[in-house]
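Each remark here refers to the structure printed beneath this line.
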Amino acid sequence: MIRRTFHITVPRFMSQVRVRFAPSPTGSTHIGTARTALFNWLYARKTGGKLVLRIEDTDKERNTDAALEELLNGLKWLGINWDEGPEIGGEVGPYFQSQRGDIYKEYLQKLLDAGRAYEKDGAIFFKLEGERYTEYDDYHKAEVEKVRTQPVVIEDVIRGNVTRREERDFVIVRSNGDPSFHFVNVVDDIAMGITHVLRGEDHLPNTSKHVELFNAFGVKPPVYAHMPMILKDPSQGKGKMSKRDRGALIEEYQQRDFLPEAVVNFIALLGWSPKDDQEVLTIDELIERFDIKDLQKAGARFDEKKMSHINFEHMKRLPIERYLPPAVSALSKAGLVDDSTDQAYLKQVLELCQQKINSFEDLPAFSAYFFSDTYAVDEKVEKKLLKRADAADRIQEVIPALESLDAFDAVTLERGIQELADSKELKIFAYFPLLRFAVSGVGGGPDLLPMLETLGRDTVVARLKKLQASLSPSA
RNA sequence: GCCCUGAUCGUCUAAUCGGUUAGGACGCCACUCUUUCAAGGUGGAGACGCGGGAUCGUAACCCGCUCAGGGUACCA
């Protein structure tokens with residue numbers, strides 16, 4: 001068979017790296033989608049290349065504006081910006097496939113002219129080269145036409161050479177006139193001068209189709225890198241993570257007030273790791289260390305606990321000015337603070353909480369007693385502490401001791417309580433848990449002494465008296 | 001069924017050319033912190049899927065098996 005060749009103009013962008021993130025806005029943004037975007041972005045930033053954002057909206061039935069908005073919003077939240085694409089344009093646009101019909105027609109014509117495409121049942125198929133035969137196919141439960149093609153070698157940075165053979169012609173233009181994914185994906189990668197394709201492993205079997213297409217156009221395929229899938233947390237079942245799994249959606253992290261840099265850090269660690277043992281990394285450190293070659297081959301399981309830990313590490317490192325906004329946002333949502341809240345007090349409380357609490361979403365429950373006299377009481381702790389016969393005595397003793405203190409700072413408090421304990425031949429421990437419970441209703445929290453100092457004498461004493469009253473209902 | 005990919009502690013992973021008490025992190029447990037505590041500190045348990053080979057020797061190389069993941073659409 002004589003191979004007809006034709007000329008394709010490939011855009012020239014010097015020898016710069018051009019990667020692309022090509023999502024289709026069909027639903028909420030999945031963590032795996034975000035990771036693909038992130039790795040492409042990291043690679044572009046690392047190499048000084050360009051990241052192209054291309055919206056693959058050829059499936060009109062499933063695309064929605066809401067999904068697109070959520071996608072762009074999620075990328076921005078994560079700090080992933082694009083050099084060409086929606087909202088900013090670029091020289092090889094438009095960047096929505098739904099607006100690139102003319103380009104696809106042009107490319108399709110080249111295939112038609114070269115005898116590499118044909119119409120059947122109203123759709124247009126790409127024609128593979130090789131001897132044709134029909135065979136019963138077990139999966140399709142029917143006789144199908146197959147082609148004895150030459151195998152295609154996919155050069156993959158992560159996996160090495162992968163050999164695969166396409167054996168059936170495939171649709172490039174659907175019978176409703178819309179071009180299909182494989183076709184537009186390749187055409188756009190050519191037309192946009194894409195040099196590296198970094199995508200999920202689920203695309204690996206598609207890639208032989210894509211390489212066939214590149215070959216038909218007489219264009220050298222880009223460098224491929226197929227990264228591992230993100231799998232469900234073992235407790236959630238088997239298989240790849242689905243949109244319904246907890247922690248699967250970027251929107252969820254936004255709503256739960258996760259730190260975007262922590263989300264970025266965590267998802268970067270799924271299938272990739274820095275060569276040293278440092279795991280908590282800033283965005284800049286990620287860019288500095290990232291390399292496609294260091295990607296893992298095997299699927300990575302999502303781990304909610306680790307996500308939470310990374311988030312905590314980033315929260316702890318935040319300067320208080322940056323800690324304040326998300327914290328206040330979480331507290332306002334819970335109705336604990338508003339514009340009238342004393343800023344100095346708020347800051348003091350949050351400084352106490354920052355080193356202890358690992359998520360902003362838990363902050364309201366953790367710190368409610370600082371802002372309101374109505375807060376949850378842990379009944380287990382209550383039972384444990386108050387069942388002791390001497391609980392009432394200890395409270396009765398500590399109230400006047402606190403009232404008579406000439407100051408109410410942590411140091412004075414400790415000295416005062418210690419003196420009281422000494423005078424009763426008790427350990428300071430006899431008072432601490434009761435004090436904590438009296439003012440907060442729980443058994444844990446920020447360091448006790450600074451916490452009492454922050455709450456102030458009036459509140460502390462009032463709450464102790466309230467507890468005392470509840471202990472002696474008969475009196 | 002067929003095709004492709006993969007396989008180190010429960011989980012994420014590290015280990016330049018094959019020679020390590022197989023390292024770190026999350027989680028777990030214990031201890032500890034001027035005797036609160038979900039933070040901090042210290043320590044502990046915990047892995048090379050199985051079977052063959054090649055090699056003086058391997059987690060690292062080859063083969064088979066098993067298991068896992070993906071694909072097999074006029075979805076992307």
Side-chain angles (χ1 to χ4, degrees), chain A residues 22-26 33 56-59 61-63 97 120-125 136-141 154 156 158-160 162-168 170-182 184-185 199-208 226 228-229 231 233-235 238-240 266 269-280 294 296-310 312-313 316 352-358 362 366 385 414 418 421 427-437 440 442-449 451-452:
Chain A
S24 50
T26 55
T33 305
E56 304 218 335
D57 54 352
T58 52
D59 186 351
E61 324 281 279
R62 300 201 305 148
N63 292 297
Q97 290 185 328
K120 188 181 131 195
D121 303 333
I124 298 173
F125 284 72
Y136 179 78
D137 187 277
D138 221 25
Y139 185 76
H140 295 92
K141 305 259 183 273
I154 301 158
D156 189 294
I158 300 170
R159 288 154 212 286
V162 177
T163 306
R164 231 183 92 90
R165 214 170 59 78
E166 284 304 317
E167 53 178 22
R168 295 188 67 201
F170 53 90
V171 171
I172 52 178
V173 180
R174 302 199 261 162
S175 53
N176 68 2
D178 292 338
S180 77
F181 160 70
H182 299 110
V184 294
N185 193 267
R199 58 183 15 167
E201 192 190 351
D202 49 341
H203 282 293
L204 192 48
N206 292 329
T207 306
S208 44
H226 288 92
M229 302 275 86
L231 275 20
D233 185 294
S235 66
K238 296 174 139 199
K240 66 175 174 182
F266 174 72
L269 257 20
L270 251 21
W272 174 83
S273 78
K275 287 303 147 203
D276 53 31
D277 284 332
Q278 190 183 340
E279 283 197 331
V280 181
D294 297 331
Q296 192 79 7
K297 293 188 187 112
R301 288 188 177 277
F302 178 80
D303 184 347
E304 191 178 356
K305 293 246 177 66
K306 186 135 187 178
M307 168 77 252
S308 166
H309 173 258
I310 298 280
F312 184 34
E313 291 298 328
K316 278 194 286 192
L352 285 178
C353 297
Q354 184 173 191
Q355 297 307 314
K356 289 279 185 176
I357 184 133
N358 64 11
D362 292 339
F366 185 80
L385 289 175
E414 182 177 13
Q418 185 65 58
K427 293 178 175 177
I428 201 168
F429 177 69
Y431 298 96
F432 272 27
L434 274 170
L435 274 165
R436 175 182 293 283
F437 175 74
S440 72
V442 287
D447 291 343
L448 181 65
L449 274 357
M451 167 183 155
L452 294 178

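Proteins get letters first, then strands, A, B, ... in listed order; numbering begins at 1 in each. Because only heavy atoms are used, hydrogens play no part in the values below, and waters and symmetry mates are left out as well, while side chains stay in. Every value quoted in this text rests on a predicted model; they were computed, and no experiment measured them.
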So [X], base contact, sugar-phosphate only, or nothing? Heavy-atom distance under 4.0 Å.
X	answer
A:A123	base
A:K427	base
A:S308	nothing
A:G445	base
A:K305	sugar-phosphate
A:E56	sugar-phosphate
A:S175	base
A:D447	base
A:G122	nothing
A:D121	base

Round to the nearest Å and state the distance from [X] atom [atom1] to [N] atom [atom2].
X	N	atom1	atom2	answer
A:D276	B:A25	CG	C1'	12 Å
A:F170	B:U72	CZ	P	13 Å
A:Q278	B:G23	CD	C1'	16 Å
A:M307	B:U11	CE	P	20 Å
A:Y136	B:C2	OH	C1'	13 Å
A:F302	B:U13	CZ	P	13 Å
A:F181	B:A76	CZ	C1'	5 Å
A:L434	B:C37	CG	C1'	15 Å

Checking base pairs now: Watson-Crick or wobble, both atom distances under 3.5 Å. What partners [N]?
N	answer
B:A59	none
B:U42	B:A30
B:U72	B:G1
B:A47	none
B:U66	B:A7

Working to the nearest 0.5 angstrom, can you tell me the gap between [X] [atom1] and [Y] [atom2]?
X	Y	atom1	atom2	value
A:K305	A:D233	NZ	CG	8.5 Å
A:L270	A:M229	CG	CE	11.0 Å
A:L269	A:Q296	CG	CD	11.5 Å
A:Q355	A:F312	CD	CZ	6.5 Å
A:L352	A:I357	CG	CD1	12.5 Å

Taking only side-chain N and O atoms of [X], does any of them lie within less than 4.0 angstrom of OP1 or OP2 on [N]?
X	N	result
A:K306	B:C12	no
A:S180	B:C74	no
A:T26	B:C75	no
A:Q418	B:U34	no
A:R165	B:U72	no

Please measure how far the [atom1] atom in [N] lies from the corresponding atom in [M], and state the result in whole Å.
N	M	atom1	value
B:G49	B:U58	P	15 Å
B:U66	B:A25	P	38 Å
B:G10	B:C65	P	26 Å
B:A47	B:C28	C1'	16 Å
B:C31	B:U35	C1'	14 Å
B:C26	B:U20	P	28 Å
B:C2	B:G46	P	41 Å
B:C74	B:C12	C1'	40 Å

Is A:K306 paired with A:E279 through a side-chain N to carboxylate O contact shorter than 4.0 Å? yes

Just confirming the chi classification of B:C17, syn or anti, using 90° around 0 as the syn window. syn

In 5'-to-3' order, the base (B), backbone-only (S) or no-contact (-) status of each nucleotide in nucleotides 58-71 of chain B, using a 4.0 angstrom heavy-atom cut-off, is ----------SBSS

Near-parallel close stack of A:F366 and B:A38 base (under 5.5 Å, under 30°): no

Ring centres within less than 5.5 Å and planes less than 30° apart: is that true of A:Y139 and B:U72 in this structure? yes

Could you check whether A:R62 and A:S24, counting side-chain N and O atoms only, form a donor-acceptor pair closer than 3.5 Å? no

Test item: side-chain donor near acceptor, A:R199 and A:N206, under 3.5 Å: no

Of A:P234 and A:S24, the one whose closest nucleotide on RNA chain B sits nearer the 5' end is A:P234

Heavy-atom nearest nucleotide on RNA chain B for A:G299 versus A:D137: which residue maps closer to 5'? A:D137

Of the listed nucleotides (B:A14, B:C37, B:A76), which one gets closest to any side-chain atom of A:H182? B:A76

A:A300 has a side chain; which of B:A76, B:C12, B:U35 sits nearest to it? B:C12

Listed by chain and number, what are the side chain to side chain contact (heavy atoms under 4.5 Å, CB included) partners of A:D294, not counting sequence neighbours? A:W272, A:K275, A:D291

Does A:S440 form a side chain to side chain contact (heavy atoms under 4.5 Å, CB included) with A:M451? I'd like the steps, not just the answer. CA-CA 10 Å; A:S440 72; A:M451 167 183 155; 3.8 Å; yes

Can A:N358 and A:F366 be said to form a side chain to side chain contact (heavy atoms under 4.5 Å, CB included), step by step? CA-CA 10 Å; A:N358 64 11; A:F366 185 80; over 6 Å; no

With sequence neighbours left out, the residues meeting salt bridge (Lys or Arg N to Asp or Glu O under 4.0 Å) with A:D276 are A:R289

Restricting to ring pair (Phe, Tyr, Trp, His ring centres under 6.0 Å), what partner residues turn up for A:F125, sequence neighbours left out? A:Y118

Under-3.5 Å N/O pairs linking protein and nucleotides 40-45 of chain B:
residue : atom : partner : partner atom : Å
B:G40   : OP1  : A:K316  : NZ           : 3.1

All side chain to side chain donor-acceptor pair (under 3.5 Å) counterparts of A:D156, not counting sequence neighbours: A:H226

